[in-house]
Amino acid sequence: MLLAVLTVALVVTAVVVEDRVFARGREPRPRESLVWAAGWLSLALAVGAGLFVVGDRGSAYTTVYALERALSLDNLFLFLLLLGYFGVPQAQRARVLAFGILAAIVLRGLAIVAGVALLDALEQLIYVFGAGLLVVAYRSLVGGNTKANAAQGRLTRAVARVVPISDGFRGSRLVVRERGGWYATPLLLTLVAILAADIAFAVDSIPASFAVTRDWTAIWLANAFALLGMRSLIALVEDLVRRFRYIEKTIALVIAFAGAKILLAPLIELSDAVTVAVIAALFVAGVGASLVADRLDPPSSRERGQRRPPRCPPLTEFS
């Protein structure tokens, strides 16, 4: 119980510190983002080392963290797309991301606990999760993944039906009272869109974590630290996706690997070390293939700028 309380306190403190200190009210510099991203990675690994010392969760936590961090690249780039599309001012991006990350950590915790309870009640459900991951991977490989865009579109439209939208941002406020009524600001729509996108991606990533362990505390802690530091990574992700053309396909292969690991578990048992090694090998192969492809078929600057995930619906559709 004490470990759980300390863990929650650490996560909340980390979010508050980043919100107060990191590039407050301005656009972060690339070097600054890199330093913070390295700091978050070091903290996450230090937590894993601590879990190795105090119990037997260290291996499961570290493996799930590696998996979740790999799968978060699509998530990060979509967050960046949403911030730009809704036109969130730089001064307000830190606040909406802090709210979004905290809410995502809570929602993922609830989903993880519910998932573990379902698996304890019905063991065979794990194979449904595995098959679902293979379907998601196949769709991502052959046609791209627009599920997150559809999910955030539905939720933002739902908000717009309940509360009218103001004609612009009102600082860091999510709702305002004007002209005798309550209005949602575009910042609230952005927050809802970010949460919807994270939920859509969590439907894939959390079952993938079940391929490693059923320990909900290890899964939640790994998810929390994978979400922490997203602000510092966002500034780096856009260039990463533009530079390496096969990153999105690589993420789909990681999802497929997690699904196959679940389905083949009765026949093949892979250790946590092997799982991390396979994930790392897939990313090395994806980056290498991207570099080779760019050398054989150099993309023009225009083609690099067009290398984007599908755009979210226009803000005017929510009015």
Side-chain angles (χ1 to χ4, degrees), residues 1-20 22 40 43-44 47-48 51 57 60-61 64-65 67-69 71-72 74-76 78-80 82-83 88 92-120 129 147-148 151-152 154-156 158-159 162-163 172-175 184-185 187-210 212-234:
M1 184 63 180
L2 177 60
L3 180 61
V5 173
L6 291 175
T7 299
V8 172
L10 175 62
V11 170
V12 173
T13 301
V15 174
V16 172
V17 168
E18 185 180 51
D19 178 50
R20 297 291 181 181
F22 175 64
W40 286 119
L43 179 59
V47 169
L51 291 176
R57 293 188 173 102
Y61 161 83
V64 174
Y65 175 77
L67 179 63
E68 292 292 342
R69 176 56 73 197
L71 297 180
S72 69
D74 264 357
N75 207 341
L76 283 166
L78 183 56
F79 284 5
L80 181 65
L82 292 171
L83 290 171
V88 179
Q92 310 306 330
R93 290 190 174 193
R95 184 55 50 86
V96 73
L97 284 172
F99 285 153
I101 289 170
L102 274 175
I105 289 172
V106 173
L107 291 175
R108 286 197 181 198
L110 296 175
I112 290 166
V113 172
V116 171
L118 284 173
L119 290 176
D120 288 341
F129 287 162
K147 175 183 60 175
Q152 63 86 16
R154 286 192 294 269
L155 281 185
T156 47
V159 172
V162 175
V163 183
S172 61
R173 299 177 68 180
L174 301 177
V175 295
T185 69
L187 198 65
L188 178 60
L189 291 184
T190 308
L191 176 60
V192 171
I194 286 175
L195 286 176
D198 184 75
I199 291 170
F201 281 112
V203 171
D204 302 336
S205 65
I206 291 176
S209 300
F210 292 146
V212 178
T213 181
R214 304 280 183 84
D215 186 338
W216 72 266
T217 54
I219 295 176
W220 179 80
L221 191 57
N223 270 266
F225 276 98
L227 289 168
L228 286 171
M230 275 195 170
R231 275 190 62 211
S232 57
L233 286 173
I234 276 178

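Basis for what follows: all heavy atoms, side chains included, without hydrogens, waters or symmetry-related copies. None of the values given here were measured: they were computed from a predicted structure.
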- request: Could you grab the distance from atom CG of Leu228 to atom CG of Leu102, nearest 0.5 Å is fine?
  value: 8.5 Å

field: Partners passing side chain to side chain donor-acceptor pair (under 3.5 Å) against Arg173 (at least two apart in sequence or in another chain)
entry: none

task: Look only at the side chain of Arg69 and the backbone of Phe225, and say whether a donor-acceptor pair between them is shorter than 3.5 Å.
output: yes

field: Considering all heavy atoms, the nearest Ala44-Tyr61 contact
entry: O-OH, 2.8 Å

query: Which distance, rounded to the nearest 0.5 Å, do you find between the CD1 of Ile105 and the CG of Leu110?
result: 12.5 Å

Which atom of Trp220 lies closest to which atom of Gly109, heavy atoms considered: CD1-CA, 3.2 Å

query: Ile206 and Ala111: which non-hydrogen atoms are nearest, and at how many Å?
result: CD1-CB, 3.9 Å

field: Residues forming a side chain to side chain contact (heavy atoms under 4.5 Å, CB included) with Val113, sequence neighbours excluded
entry: Trp216

- prompt: Under the 3.5 angstrom rule, does the side chain of Thr185 hit a backbone N or O of Val175 as a donor-acceptor pair?
  reply: no

- prompt: If you measure from CD on Glu68 to CD1 on Ile219, what distance do you get to the nearest 0.5 Å?
  reply: 8.5 Å

statement: Residues passing the side chain to side chain donor-acceptor pair (under 3.5 Å) test with Thr217, sequence neighbours excluded, are Arg57, Asp215

message: For Ser209 versus Val64, what's the shortest heavy-atom pair and its separation?
response: OG-CG1, 3.4 Å

message: Which heavy atom of Ala9 sits nearest to which heavy atom of Thr13, and what is that distance?
response: O-OG1, 2.7 Å

- prompt: Any side-chain heavy atom of Leu221 within less than 4.5 Å of one from Leu51?
  reply: yes

